[in-house]
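Worksheet for the structure shown next.
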Amino acid sequence: MTFSWPPPAGRSRVLGAAIAAGLVILVLFTVFVLRLTENAVRREATGRVGTTAELSARLVREQALRIGEVVGSYGTRLETLPPLRNARLPAADAQRLHMTLRALRTEVDGIASAAFTDPQGRLVASSPASPLPIGTDLSGRDWYQGVKRRSPYLSRAFISAGPAHRKVTVTAVRVYGARHRLLGILLASETDRTQRFTDAFGREFHANVTVTDQDGVIVGTTGGAANRLVSLAQDPLVAKALRGRKGTSVGDVGGDRTVTGFAPVAGTGWTVTAAVPASEAYSDVPRLRLALLIAAGVIAFLLLFLVPTVAGRLSRARDALGVQEAFQRDLLPSQLPRGVQSVYLASERRMLLGGDFIDAVATPEGGVALLVGDVCGHGPRAAALGAGLRAGWRTLATAGVGTTRLDLLDLLVEGERRDEDLFVTVACAEISPDGRHLTYAIAGHPPPLLLTPDGITLLEGPRGAALGLGASVPWPTGECALPDGWALALYTDGLIEARPAPDGPRLGVPGLVEWATDPAGRPSAERLLRAARNLADREAHVLEDDLALVLVDASVVQVDVRTSAAPRSIEHA
Amino acid sequence: MSDSASDPITFDFALSEERLASGAHVVAVSGEVDIFTAPDLKRTIAAAIEDGAHLLVVDLTHTRFLDSTALGVLIGAVKRLRPLNGRLAIVNTEPSTAKTFQITGLDRIFTIVATRDEALDVVTAA
């Protein structure tokens with residue numbers, strides 16, 4: 001395959017403009033689609049981060065509820081305690097309380113310590129033993145205020161009084177005795193359950209999850225939190241969650257573009273934020289961008305390379321047809337004597353190289369000889385044989401034997417054809433110098449039409465077989481006198497076998513005679529010529545065969561006799 | 001077979017072949033033989049001759065139209081059979097085809113008869 005870039009000039013400018021326009025449209029379209037899909041993907045990814053935050057908030061709430069229920073169930077074991085007096089119990093009951101607290105601490109995963117206060121918030125007992133003395137007033141703690149409103153109550157984070165001074169949260173549950181009388185408050189403190197949750201959840205969802213208490217103080221955060229009270233209340237997202245709102249936000253966190261979802265933990269006042277680096281949340285975006293750019297690149301490649309290649313091939317094919325057309329023209333006589341009119345059409349369906357041939361030339365006596373022939377077949381071989389025969393006949397006609405020596409043309413066919421099946425039909429005629437006499441010879445060809453004021457005659461008279469049949473019989477000549485106002489039409493079978501109306505019947509010789517008759521019933525060569533030209537113009541693309549028509553009338557000799565000794569074509573011959 | 005008068009452009013070209021006990025080979029053609037269908041006819045006849053069919057009958061009873069390419073195919077068949085001492089007979093009753101044979105002078109080259117039986121008699125005659 002040969003390929004040149006830029007494509008050859010001429011059509012290339014139009015093509016180039018079309019390609020440039022195509023590329024501009026492609027770029028605009030790509031940018032537009034990229035925007036649209038990127039936005040959609042970003043929206044979707046952002047929503048996913050928000051969902052992650054909500055999901056973790058729900059899980060934190062579930063855990064809080066579960067711990068509340070568990071602590072409550074241990075509280076029911078204390079329903080039979082007697083009312084406390086000054087935060088003290090009888091020894092047996094104190095022992096039972098201690099056993100319950102110990103069971104709560106050791107049996108329930110995540111509970112670091114358990115304690116019991118009286119309704120006034122004074123410490124009754126704890127497990128393990130608290131550094132605070134029995135009877136210490138704890139009513140100032142937030143859980144004491146909280147559990148008065150709601151039980152179970154999940155406390156704020158605080159630093160425990162225990163030996164490790166761990167950051168803890170407390171679940172406080174009211175314990176009722178007989179007749180629904182408040183016995184006291186059961187407390188269970190946890191140190192790292194929320195921390196463990198944020199770690200596990202963070203790993204699972206590739207998110208940085210942070211849980212805060214009612215004040216925005218970090219309870220747990222993926223990757224671990226310091227064992228001190230750090231408040232995020234100033235963080236606008238945590239602040240929003242503290243006000244009970246949920247949502248997502250995209251912003252810079254520590255210099256990295258981050259997508260953050262935030263949500264309140266219902267029923268606790270706690271909050272959850274889940275942060276995902278934008279690069280990770282939007283990891284689909286670069287993939288999408290790549291896919292789109294590849295697609296656009298492929299289209300651009302098609303535009304830039306394949307389109308010119310295909311266009312180049314088409315244009316070369318057109319050029320080849322042009323060459324054939326030009327070649328066909330060159331096979332026809334360069335000039336016909338004045339007064340000779342012709343229609344010639346090589347069927348496009350036969351590759352524009354026709355096997356029909358025509359010629360007209362002056363005779364030595366000053367008359368005119370005419371030829372119409374048809375090489376059966378088509379394409380270069382038929383066209384070449386036709387051109388050879390035309391030249392051979394012209395020699396005969398110029399020597400004055402154009403109608404009498406068809407046997408020589410027959411020899412030419414036998415000698416020149418390259419396909420044994422090829423045969424040739426011709427009709428030739430000679431008009432005497434005074435335009436009064438016609439001699440004609442026919443070799444297997446449809447009969448010429450002689451138009452006179454009296455009517456139309458088919459010259460079917462003496463006829464010979466087509467050339468190239470190996471018939472080796474002589475070709476007779478016919479003769480007739482020409483009255484005033486005569487015209488002669490020679491044609492090939494392509495004309496009578498054509499269908500003037502699409503899907504209609506073939507023209508036939510009767511149809512041709514009809515074409516040559518005017519509405520008044522008079523023969524009209526002009527009408528015939530017009531109809532044939534019309535057919536050639538209109539039906540060029542559907543004609544199955546080449547067609548040729550040569551028309552002459554008396555003017556062909558009278559004009560030339562008056563103006564010059566010989567027809568013009570002889571001047572160039 | 002469709003009615004050619006009401007449906008002139010039906011492309012119903014078809015070929016059928018029959019080898020008879022007498023050694024005669026019949027190629028029956030229906031529809032129109034033109035530039036597009038003639039190559040089929042040419043291949044079929046050439047293959048039959050190659051196959052040893054030297055007594056050939058081309059039955060054009062159901063052929064509506066022959067163009068010059070088709071005539072060339074028939075001429076080629078005659079020429080191929082000549083050195084083999086073969087014979088070709090054509091069955092035709094269609095007036096327009098008869099006219100074509102007459103115009104081209106091929107009626108002097110071909111043996112053209114009206115029925116297949118006559119054609120078989122012609123090619124198998126001693």
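Since this is a predicted model, take the numbers as computed values, not measurements. To find a chain, count down the sequence lines: A is the first, B the second, and so on, and within it residues start at 1.
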### Summary
Of the listed A:H445, A:E460, A:R463, the one with the largest count of heavy-atom pairs under 4.5 Å with chain B is A:R463

### Task
Check for a donor-acceptor pair, side chain of A:Y491 on one end and backbone N or O of A:L449 on the other, with a separation under 3.5 Å.
no

### Query
Is there a donor-acceptor pair under 3.5 Å between the side chain of B:R116 and the backbone N or O of B:V26?
no

### Query
Would you call B:D40 and B:K42 a salt bridge, using N to O less than 4.0 angstrom?
no

### Query
Looking at side-chain heavy atoms only, is the closest gap between A:P447 and B:I103 below 4.5 Å?
yes

### Query
In terms of heavy-atom proximity below 4.5 Å to chain A, should B:L71 be classed as side chain, backbone, both, or neither?
both

### Message
Given heavy-atom pairs under 4.5 angstrom as the criterion, report whether the side chain, backbone, both or neither of B:F101 touches chain A.
### Response
neither

